[in-house]
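I have placed the structure first, in the form of structure tokens, so that the comments after it can refer back to it.
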Amino acid sequence: MEKLKGVLYVLVGAASYGVLATFVKKANLEGFSTSGLNTLQYLIGFIGVALLALLNKKNSTVINSKENKNSKLKLVLFGTAAGLTSYFYYLSLNYIPVSVAIIFLMQAIWMGVVLEMILSKKVDKLKLFGSLLVIVGTLFAVNVFNESKAIDPTGFILGVMASMCYTATLYASNTVAVNLHNMVRSKYLVLGGLLIVLLIWNTDLLTEFNYASLSFWKYGLFLGFFGAVLPPIAFNKGFPITGIGLGSILTSLEIPVSILTASIILGEEIKGVQWLGVFIIIISVAVINYKSILNDIKNTTNQSASA
């Protein structure tokens, strides 16, 4: 039962991220600017996680003030990567369909493997093979073989930039300042995202922030909750139960959720060959995390035996 709860938490987090792009694009079509939506997402998200961190203050780990200050500063700096991820990702939606943008974003799968190999100075052949599978799956998922439908180069560049920033975000989520309470970590990561989007959009917010529009605030609340509040809570609760291997596979649900919502809400046409590409990408995640999955199974078996 506990394992099932962990799986559900991770699935909820992945699904939350998966619906964001569709609603950003829908809001754009209704006349709301990316700058206002992006800023409101992080503003509401920061307020939400800050309140939750305050409520969980008594559970926070106590560390010396110097280490505390350095840890928080690192989180804010890496949080800018999260802000830049949404910035590039949402801008790419002006040039490419949601179903293509999510595939570019998830190139962070193989980019993360490359980053891990660079940092560890070790080459894992199985992970390298899985990374190649991601690229093969991407070719199908974006329907690159359809010569009549070329990918906009601007959208491509923005999508790749989003995936690079997403790679840094995932790295920070798993390695930076892990000695702090999860809600405190989330607060400073979201703060970093808020600061960078405010810096990027600056004067645009004076003319494109729709203060008086109720629909604008509804979109902001939706993006803030599903983009900055719910996912970190769900992942922080779920990953310790599922383990990194299974958890990583479950997070790839973000891809089909994003594509399905774009198809249902925006009417984007999805070809069978694209679903084949999505399937290949999900399989590649399983290949990359094969060893972690085996370790998770082994640890679960040992815990059951000792109990």
Side-chain angles (χ1 to χ4, degrees), residues 14 17-25 27-28 33-42 45 75-119 131-132 134-135 137-139 141-144 150-176 189-202 204-205 208 223 227-228 231 251-252 254-255 258-259 262 268 277-278 281 284-285:
Y17 277 138
V19 300
L20 296 179
T22 294
F23 283 90
V24 168
K25 191 151 191 171
N28 288 156
S33 68
T34 300
S35 59
L37 294 166
N38 195 191
T39 304
L40 197 55
Q41 172 184 338
Y42 275 93
L75 287 170
V76 172
L77 290 174
F78 273 99
T80 60
L84 289 172
T85 298
S86 62
Y87 168 73
F88 290 121
Y89 185 38
Y90 294 165
L91 278 183
S92 72
L93 299 175
N94 295 314
Y95 304 94
I96 53 179
V98 170
S99 55
V100 174
I102 185 62
I103 297 301
F104 285 146
L105 179 68
M106 296 309 287
Q107 297 309 294
I109 297 170
W110 67 262
M111 289 182 184
V113 171
V114 172
L115 179 62
E116 180 185 349
M117 290 182 182
I118 292 173
L119 295 175
S131 298
L132 292 174
V134 174
I135 296 173
T138 298
L139 295 177
V142 301
N143 202 12
V144 74
I151 297 173
D152 186 286
T154 302
F156 171 78
I157 293 171
L158 289 170
V160 171
M161 292 297 292
S163 64
M164 292 173 67
C165 293
Y166 193 35
T167 302
T169 302
L170 294 175
Y171 169 79
S173 298
N174 289 300
T175 60
V176 177
L189 283 169
V190 176
L191 175 60
L194 174 62
L195 292 176
I196 194 66
V197 296
L198 285 173
L199 182 63
I200 290 171
W201 294 117
N202 53 76
D204 287 355
L205 299 176
E208 298 184 16
L223 295 174
T251 56
S252 62
E254 181 179 342
I255 303 174
S258 185
I259 292 175
E268 290 189 5
V278 171
I281 292 173
S284 71
V285 176

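Residue indices begin at 1 and follow the sequence shown. Values in this document were obtained by computation on a predicted structure and should not be read as measured data. Atoms considered below: every heavy atom in the structure, side chains included; atoms not considered: hydrogens, waters and symmetry mates.
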**Item:** Validation row: Val160, Gln107 side chains within 4.5 angstrom (heavy atoms)
**Value:** no
**Asked** Does any non-hydrogen side-chain atom of Phe156 lie less than 4.5 Å from one of Ile96?
**Response** no
**Message:** Can a donor-acceptor pair be found, under 3.5 Å and without considering hydrogens, that links the side chain of Ser258 to the backbone of Glu254?
**Reply:** no
**Item:** Listed partners of Phe23 passing ring-ring contact (aromatic ring centres under 6.0 Å, His included), at least two apart
**Value:** Phe222
**Asked** Yes or no on side chain to side chain contact (heavy atoms under 4.5 Å, CB included) for Tyr95 and Ser92, after CA distance, side-chain angles and deciding distance?
**Response** CA-CA 5 Å; Tyr95 304 94; Ser92 72; 5.6 Å; no
**Item:** Expected output: side-chain Thr39 to main-chain Gly36 donor-acceptor under 3.5 Å
**Value:** no
**Asked** Would one find more than 12 heavy atoms of other residues, nucleotides or ligands at under 6.0 Å from atom CE of Met117?
**Response** yes
**Message:** Any side-chain to backbone donor/acceptor pair from Asn202 onto Leu199? Under 3.5 Å, distance only.
**Reply:** yes
**Message:** Within the structure provided, determine whether Leu84 and Thr169 are in side-chain contact (heavy-atom separation under 4.5 Å).
**Reply:** no
**Prompt:** Aromatic rings Tyr171 and Phe78: how do their planes relate, parallel, tilted or perpendicular, breaks at 30° and 60°?
**Reply:** tilted
**Item:** Side chains of Ser163 and Met106 in contact at under 4.5 Å (non-hydrogen atoms)
**Value:** no
**Item:** Val98 vs Ile259 side-chain heavy atoms within contact, under 4.5 Å
**Value:** no
**Request:** For residues Leu20 and Tyr90, determine if any side-chain heavy atom of one lies less than 4.5 Å from a side-chain heavy atom of the other.
**Result:** yes
**Asked** Sub-3.5 Å donor-acceptor pair from the side chain of Glu268 to the main-chain atoms of Ser99, do we have one?
**Response** yes
